[in-house]
Structures are given as C-alpha cells and as structure tokens.
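First comes the structure, then the notes that go with it.
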Amino acid sequence: MSLLVQKFGGTSVGSVDRIKAVAKRIAHSKELGNDLVIVVSAMGHTTDELTGLANAISNNPPQREMDMLLATGEQVSIALLSMALHELGVQAISMTGSQVGIVTESSHGRARILEVRTERIKALLEEGQIVVVAGFQGTSLSSGGTAEITTLGRGGSDTSAVALATALAAEACEIYTDVPGVLTTDPRKVPDAQLMQTLSCDEMLELASLGAAVLHPRAVEIARNYGVTLIVRSSWTDQPGTILTSKTKRPLGREGLELGRPIDGLEIVNNQAVLGLSHVPDQPGIAAQLFEILSQGGINVDLIIQATHEGKSNDITFTVCDEELSKASQLSESLLKKLGGELTTQKGMTKLSISGAGIMGRPGIAATLFETLSRAGINLRLIATSEVKVSCVIDSSLSGKALRMVTDAFELNDSQIHINPEVTNTSEPEVRGIALDPDQAQVSVRRVPDKPGTAAALCSALAEAGISLDAIVQSERQHKDGGRDISFMLKKEDRKKADHALAPLLAQWKDTGLEEGPPIARISAVGAGMPSTVGTAAKMFRALADIDVNIAMIATSEIRTSCVVAEIDGEKSLKAIHHAFKLGRENE
Ligand code: ASP
Ligand code: MG
C-alpha cells in the first residue's frame with residue numbers, strides 16, 4: 001500500500017458541494033488501497049475575509065492574535081471534510097497543525113517548519129484512518145515550553161503538505177487545485193499556453209512568478225531538497241496534471257526541515273574564456289546577429305551578460321570554453337567590422353557556482369559568496385545570479401584558493417563538490433516555460449571602483465536590508481578613472497529601501513551615483529536542456545529582433561536566459577518568445 005499526501009486548496013473546498021465532491025474523490029482513492037493524509041486550506045476566500053475583519057478593528061493587530069484568527073479558517077474545513085467522509089462511510093479524523101505535530105519557529109505570520117512529529121499520525125494511519133490536517137498552521141514551543149499557534153504565511157498549505165510528505169516518506173504529494181497543472185506560460189497573457197507534463201523543481205523555481213502562481217515556493221524548495229515527488233493537478237477532472245521531480249535527496253537532518261543548509265552544491269569549471277564586446281549599437285537585432293553567427297559556427301555559449309549604458313551603445317559579454325575562443329573571436333570580429341565596437345578576450349578563466357533552492361529569497365547567500373571571494377583578494381570578472389544558482393567567473397590561478405574558502409564558508413562536503421563536470425546531453429527540452437516578471441526595477445551604480453570587494457559590498461548592504469538582487473552586471477567599459485558601472489535588478493517594492501541601504505556605501509566611493517532605468521519587464525526562458533543545446537539564446541534574441549523590440553539587459557544562468565525589455569513591450573515579447581520555442585498549443 002502506498003502513502004499519499006493530498007492537498008486541496010481553497011476553491012476545491014469552497015462550498016459544501018465542493019467539500020462533498022472532494023470527499024468522494026478521497027474515498028475513491030482510499031478504495032484503490034492508498035493510505036491517505038489530506039491537507040486542506042480554508043474555504044474559498046475565508047482567509048481574506050478574516051484578515052478584513054482584523055483590519056476593521058486595528059491597523060496593526062498583534063501578530064499572535066492574527067495567527068489565532070487565521071488558523072480558524074482551516075479548522076472549519078478539516079472538520080467539515082471529515083464529516084463528509086464519515087457520511088460516505090469512510091473512517092477519517094481531523095487534526096490541527098499542532099495536534100499532528102507540525103512544529104515551527106516561533107515567529108508569527110511567517111513561521112518556517114522545523115519538524116513534523118509523526119508518531120500520532122502514523123498510529124492513526126495504522127488504524128486505517130484518513131487523517132485530515134489543517135494546512136497553513138503549526139505550533140511553536142516558546143521558551144517557556146508553552147505551545148503557541150503559528151501560521152506559515154499566505155499560501156502556506158502547500159508547504160504543510162510537502163513537509164508532511166517529507167516527514168512521512170510518502171510516495172507522492174498531490175496538490176489538487178483549480179488549474180490543470182503548471183503551464184508553459186501565463187494563459188491570461190498567452191491563451192495557447194500548454195500544460196507541462198513534467199518539469200524539475202529547479203526549473204519551477206527558475207520560473208519564479210509563473211511557478212509561484214501555482215505553488216507556494218517554499219513547498220517547491222522542500223520538495224527539491226528532500227526529493228519528494230510533487231504532482232499538481234485539477235480537483236475538477238481526472239487529468240494527470242504536472243509532475244515535478246528532483247534529483248536531490250537529503251536525509252532529514254537535525255537543522256530543522258526548512259532551515260537546512262541552503263547551499264548544497266559547488267561547481268568549478270576551468271578553461272573558460274571571456275569575450276567582451278563593447279560599444280556595439282544599442283538597437284534591436286544586435287544580440288540576435290551575434291549569437292546566431294556563433295550558433296551557426298557550432299559554438300556553445302555559456303553565460304551571456306549585457307547591461308544598459310549611458311549613450312547609444314551597449315556592451316555584451318559572454319563565455320565559451322577555451323578551445324572555442326579563437327573561432328568565437330573570429331566570428332565576433334567579423335560582426336564588429338560591420339557594426340563597429342571593440343573586442344577584448346581573456347583565456348584561462350574559471351567559473352565557480354554554488355547551487356541550492358531559494359537563493360533569491362535569501363539575499364545573504366550571494367553576499368556571503370562575494371565576501372568570501374573578496375577576502376581572498378579575488379576579483380569577479382562576471383557574475384550571474386538566479387533562483388537556484390550564483391556563478392562568478394574568476395582568474396583560474398586563484399581557483400584552488402576560491403574552492404577551499406567557498407567550501408568552508410558554506411560547510412560543503414566532498415560529495416557536494418563537482419570539478420569540471422561533463423555537460424551531459426539530456427533529452428530535456430532547451431526551453432520548457434517562459435515567465436514574465438513585471439514588478440522589477442533596474443538600477444545602475446555608476447563609477448564604482450574595479451577591485452575585489454565592490455560587488456560584495458553592494459550585495460551585503462542590500463542583503464542586510466533584506467533585499468535580493470537579480471542580474472548583477474558589471475560594465476565591460478571602464479571610465480577614465482578605471483571605475484566600472486554595476487547594474488542590477490530588484491523588486492520595485494524594494495526600490496526605496498535600496499536607496500537607503502546603499503547611501504552609506506555610495507558616500508564612501510568618490511563620484512558614484514545611483515541611477516534608475518526606465519520601467520522594465522523581465523522575460524525568462526527556462527529549460528534543463530539549455531546547457532547542452534547550441535543556439536537557445538540566439539533563438540530568443542531573434543524572436544525579439546523580429547518584432548523590433550530592443551533588449552535593455554541580458555542575464556543568463558545555467559538553465560535560464562533572461563532578457564529585460566521596456567515594460568510596454570513585455571507581453572508581446574512573451575508571446576513572441578513562447579511562439580519561437582514552439583510551446584503553444586498550435587504546435588502540437
Ligand atoms: N488559507 C491560507 C491562505 O489563504 C493558506 C492557503 O490557502 O494555502 O493563504
Ligand atoms: Mg494556494
């Protein structure tokens with residue numbers, strides 16, 4: 001018999017009729033011989049309504065009382081669902097988070113799960129009961145040892161479900177929801193978006209906003225780390241939905257289920273070459289031409305970076321392996337002859353990357369990496385950040401030192417370190433899905449000193465204010481005083497906080513200034529097959545060139561290529577790229 005955890009969201013239990021329908025579905029699953037733990041959300045918009053009540057009484061209700069209030073929503077649905085199961089003659093028992101042993105941190109409103117004490121739930125399953133658990137809530141043991149009700153944050157029932165599946169070593173965790181699964185992009189913007197049958201948790205995390213609209217990101221992080229099979233499917237149909245997979249399989253440690261080490265991999269890739277094109281025209285089609293020529297030459301480009309600049313020209317930097325440098329240089333030169341601009345190249349570089357789930361949500365991680373390298377006096381030639389990876393390109397002569405220091409800083413063991421891993425040819429698609437993130441702001445810091453520690457200082461100052469950066473790019477061109485520009489993206493809502501956080505630092509550097517770019521949208525294409533496919537970026541840039549969209553910024557990571565465009569071009573760019581990778585239904 002297999003054990004399944006099944007989670008039903010607010011709409012799935014939104015009315016008495018829906019609860020009865022869900023109960024039938026659960027009873028059927030039980031008949032098939034499964035042991036079942038059911039996790040439910042509050043009915044319909046209950047949590048919003050409860051929040052509304054609180055706000056009608058106080059602008060600033062105590063967090064403890066908010067948790068007391070919000071946790072009642074789920075308590076209604078577990079009791080009703082158990083009753084509905086009893087009506088069908090099925091043994092079932094409802095349990096609050098605290099009864100079922102979901103132990104969390106003591107911070108109210110956004111507590112992370114430390115452990116699930118499974119004795120009671122196991123005994124109930126043993127008796128043949130279906131255990132119906134209230135999602136979104138847990139219990140903290142405060143210093144005095146008294147139990148307090150906590151909640152995990154909005155949308156947290158997904159996280160409850162995956163945590164239970166992890167602790168119980170369930171066969172799978174099925175998330176029943178009101179969409180058929182994870183789609184290739186947002187169907188409200190691109191109506192012919194298709195269902196993905198499968199994708200990895202890493203891909204889901206890289207699809208940031210797209211993935212988060214379907215699942216609580218913390219649920220995906222837990223599934224990724226502990227190797228839980230996660231299935232998203234519709235509660236209205238029998239369609240199989242989307243299966244999310246993960247190759248990582250950590251044992252449950254003593255550190256706390258959601259507090260385990262965030263970084264679990266370090267990769268060193270030697271023999272890398274950096275090619276920097278500066279002062280190329282800032283107009284649609286330049287990146288497309290460059291990367292098409294390279295792709296026709298069979299060259300597999302790794303990182304690509306482009307930032308906006310003062311004036312009417314851009315710099316584009318990319319990496320290839322050393323053996324491909326001369327061919328890549330020739331091809332680039334041939335284009336520069338037509339366009340104007342200069343090429344600089346550098347051989348003997350090393351790419352160092354750390355990986356783990358939820359890097360963007362923990363701004364301290366990139367900051368720690370950069371600080372560690374700067375303490376070793378290592379200058380960062382290029383930086384690439386993403387949800388699951390931070391990479392930087394450094395001089396190879398310093399890679400041994402970097403390896404030791406980074407291993408220590410993140411307390412990694414030998415099995416987590418990979419040196420010059422082979423790029424395996426997978427059958428995975430080069431692009432599986434496309435996400436559009438409109439709520440980003442682009443900021444440049446002009447004329448920062450080009451020496452070890454600059455990026456670290458910027459990142460740390462922002463990390464301390466709880467702000468994550470995406471797409472940190474250093475300019476290719478140098479100012480007369482040797483300084484460079486650093487551009488990055490952050491969430492629009494963090495923009496004001498960032499000014500404040502950076503002020504002391506900017507005061508230390510001479511003549512630096514912070515500049516905000518025009519409104520932007522970021523489009524990210526994600527696919528596990530990207531590293532082993534030649535020409536993916538070229539295809540993406542071509543799709544934009546063909547609709548005459550100018551690319552303001554390019555940033556890539558291993559399985560993600562992101563382009564920043566003007567905000568008004570966001571939706572049409574998304575459509576064009578989705579179409580270019582044949583992800584739409586019309587391509588079936
Ligand atoms: N009821 C909670 C919310 O609306 C938790 C959940 O549904 O996942 O955020
Ligand atoms: Mg939800």
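Since the model is a prediction, treat every value here as computed from it, not as a measurement. Whatever order the structure lists them in is the order used to number ligands and atoms, beginning at 1.
Ligand 1 has a nitrogen or oxygen under 3.5 angstrom from a nitrogen or oxygen of Glu74. Residue contacts with ligand 1: Lys7 is placed with no nitrogen or oxygen under 3.5 Å of a nitrogen or oxygen of the ligand (distance criterion only). An N or O contact shorter than 3.5 Å is missing between Phe136 and ligand 1 by distance.
Rounding to the nearest 0.5 Å gives a distance of 12.0 Å between CD1 of Ile26 and CG of Asn34. Atom-to-atom distance recorded for Asp178:CG and Phe8:CZ is 13.0 Å, nearest 0.5 angstrom.
Of all atoms in ligand 1, numbered sequentially from 1 with element shown, those under 4.0 Å from a heavy atom of Ser41 are 6 (C), 7 (O), 8 (O). Atoms of ligand 1 found under 4.0 Å from any heavy atom of Gly156 (numbered from 1 in listed order, with element): 5 (C), 8 (O). Listed by number with element, the atoms of ligand 1 under 4.0 Å from a non-hydrogen atom of Ser157 are 5 (C), 6 (C), 7 (O), 8 (O).
Remark: Arg18 is positioned above the aromatic ring of Trp236, its terminal NZ or CZ atom under 6.0 angstrom from the ring centre and at most 45 degrees off the axis.
Look at Glu221 and Arg112 and you find no salt bridge, because none of the NZ, NE, NH1 or NH2 atoms lies under 4.0 Å from a carboxylate O.
Leu244 and Val220 make their closest contact through CD2-CG1, 4.3 Å (heavy atoms, listed as atom of the first residue, atom of the second, distance). Residues Glu387 and Glu206 come closest through the heavy atom pair N-OE1, 3.1 Å.
By heavy-atom distance, the residue among Met43, Arg154, His45, Gln137 lying nearest atom 4 (O) of ligand 1 is Arg154.
Residue contacts with ligand 1: Gly135 is excluded, as none of its non-hydrogen atoms falls under 4.0 Å.
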